Amino acid sequence: MKIIQGKLIGTGLRFCLISSRFNELISSRLLDGAKDALFRHGVSPQNVDLVWVPGAWEIPLLAKEIALKGTYDGIIAVGAVIRGDTPHFEYVSAEMSKGISQVSLQHRVPIGFGVLTCDNLEQALLRAGSKSGNKGAETAVAVLEMANVLKEIRTEEA
Ligand code: INI
C-alpha cells in the first residue's frame with residue numbers, strides 16, 4: 001500500500017496571508033497564530049506576504065487575484081464574522097465561504113479557511129488564542145500540509 005501524505009515542513013514554500021480588518025481584535029490574533037505556526041514549521045518570513053481586506057466579504061476576490069499570480073504554495077485567510085441583529089451575518093459568511101472554496105478548486109491552490117463564524121464575540125475570543133486554541137494557527141498548519149501533499153501528488157503525475 002502506498003501512502004501519500006504531506007510533511008509539515010515549510011522550507012522553501014511561499015504563502016500569502018489574507019486578513020480582514022473587520023473585527024480586527026480577533027483577526028489580528030488569528031493572524032499572529034498563523035504567522036507563528038508557519039515560522040515554527042520552517043517557513044521563511046521572506047516567503048510570507050500579507051494582504052489586508054476590509055471585511056470577510058472581500059476575501060474571495062483577493063484570494064482569486066493572489067491565486068492568479070501563481071506564485072504561492074498556499075493562501076491562508078483569517079477573519080471573523082460575528083452575528084448581529086440582522087441577517088447580514090448569513091450573507092457575508094455564506095458568500096465568503098463559498099467564494100473561498102470556489103477559488104481554491106478553480107485555481108488548484110490550498111486556501112485555509114481561518115475565518116471564524118461565531119454567534120458572539122466570546123465564541124470568537126475563545127478560538128483566537130485562548131481556551132479553544134487558535135484557529136489561525138490550525139489553518140496555517142492545514143495549508144502547509146496541503147501544499148506538501150499537492151507537491152507529492154503533482155510530482156507523481158509528472
Ligand atoms: N465583515 C466581517 O469580516 N465580519 C463581520 O462580522 C461583518 N459584519 O457582521 O458585518 C462584516 N461585514 C463587512 C463585510 O465583510 C464587507 O466588508 C462590507 O459589507 C463592505 O463590502
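Start at 1 and go down the list; that is how both ligands and their atoms are numbered. Treat the numbers as computed from the prediction; the structure is a model and nothing was measured.
- The shortest distance between side-chain heavy atoms of W57 and H88 does not fall below 4.5 Å.
- Short contacts between ligand 1 and N23, defined as distances under 4.0 Å to a heavy atom of the residue, involve ligand atoms 4 (N), 5 (C), 6 (O).
- The local environment of CZ in F39 is crowded, with over 12 non-hydrogen atoms from other residues, nucleotides or ligands closer than 6.0 Å.
- Short contacts between ligand 1 and H88, defined as distances under 4.0 Å to a heavy atom of the residue, involve ligand atoms 8 (N), 10 (O), 12 (N).
- Follow the hydrophobic side-chain contacts under 4.5 Å out from L62 and you reach V115 in the same cluster.
- Interface of W57 with ligand 1, defined as ligand atoms under 4.0 Å from a residue heavy atom, comprises 14 (C), 15 (O), 16 (C), 21 (O).
- Here the straight-line distance linking atom CD of E24 with atom OG of S19 works out to 7.0 Å at 0.5 Å rounding.
- The shortest heavy-atom contact between R154 and R108 is NH2-O, 2.9 Å.
- Taking every non-hydrogen atom of V81 and a distance limit under 4.0 Å, the qualifying atoms of ligand 1 come out as 4 (N), 5 (C), 6 (O).
- Looking at D73 and R14, no side-chain N of the basic residue comes within less than 4.0 Å of a carboxylate O on the acidic one, giving no salt bridge.
- Neither the backbone nor the side chain of V115 comes within contact range of ligand 1; no heavy atom lies under 4.0 Å.
- Using a 4.0 Å cut-off between heavy atoms, M96 makes no contact with ligand 1 at all.
- Side-chain contact check for K2 versus E156: some heavy-atom pair is nearer than 4.5 Å.
- Nearest non-hydrogen protein atom to atom 1 (N) of ligand 1 is F22 CG, 3.4 Å.
- Scanning the protein heavy atoms around atom 17 (O) of ligand 1, the nearest turns out to be E58 OE1, 2.7 Å.
- Contact annotation for R83 and ligand 1: no heavy atom of the residue comes within less than 4.0 Å of the ligand.
- Taking a 4.0 Å cut-off on heavy atoms, A80 registers as neighbouring ligand 1.
- Between D49 and Y72, the side chains place a donor N or O and an acceptor N or O closer than 3.5 Å (distance only, hydrogens not considered).
- Ligand 1 has a nitrogen or oxygen under 3.5 angstrom from a nitrogen or oxygen of A56.
- In terms of polar-atom proximity, defined here as any N/O pair under 3.5 Å, I82 does make such a contact with ligand 1.
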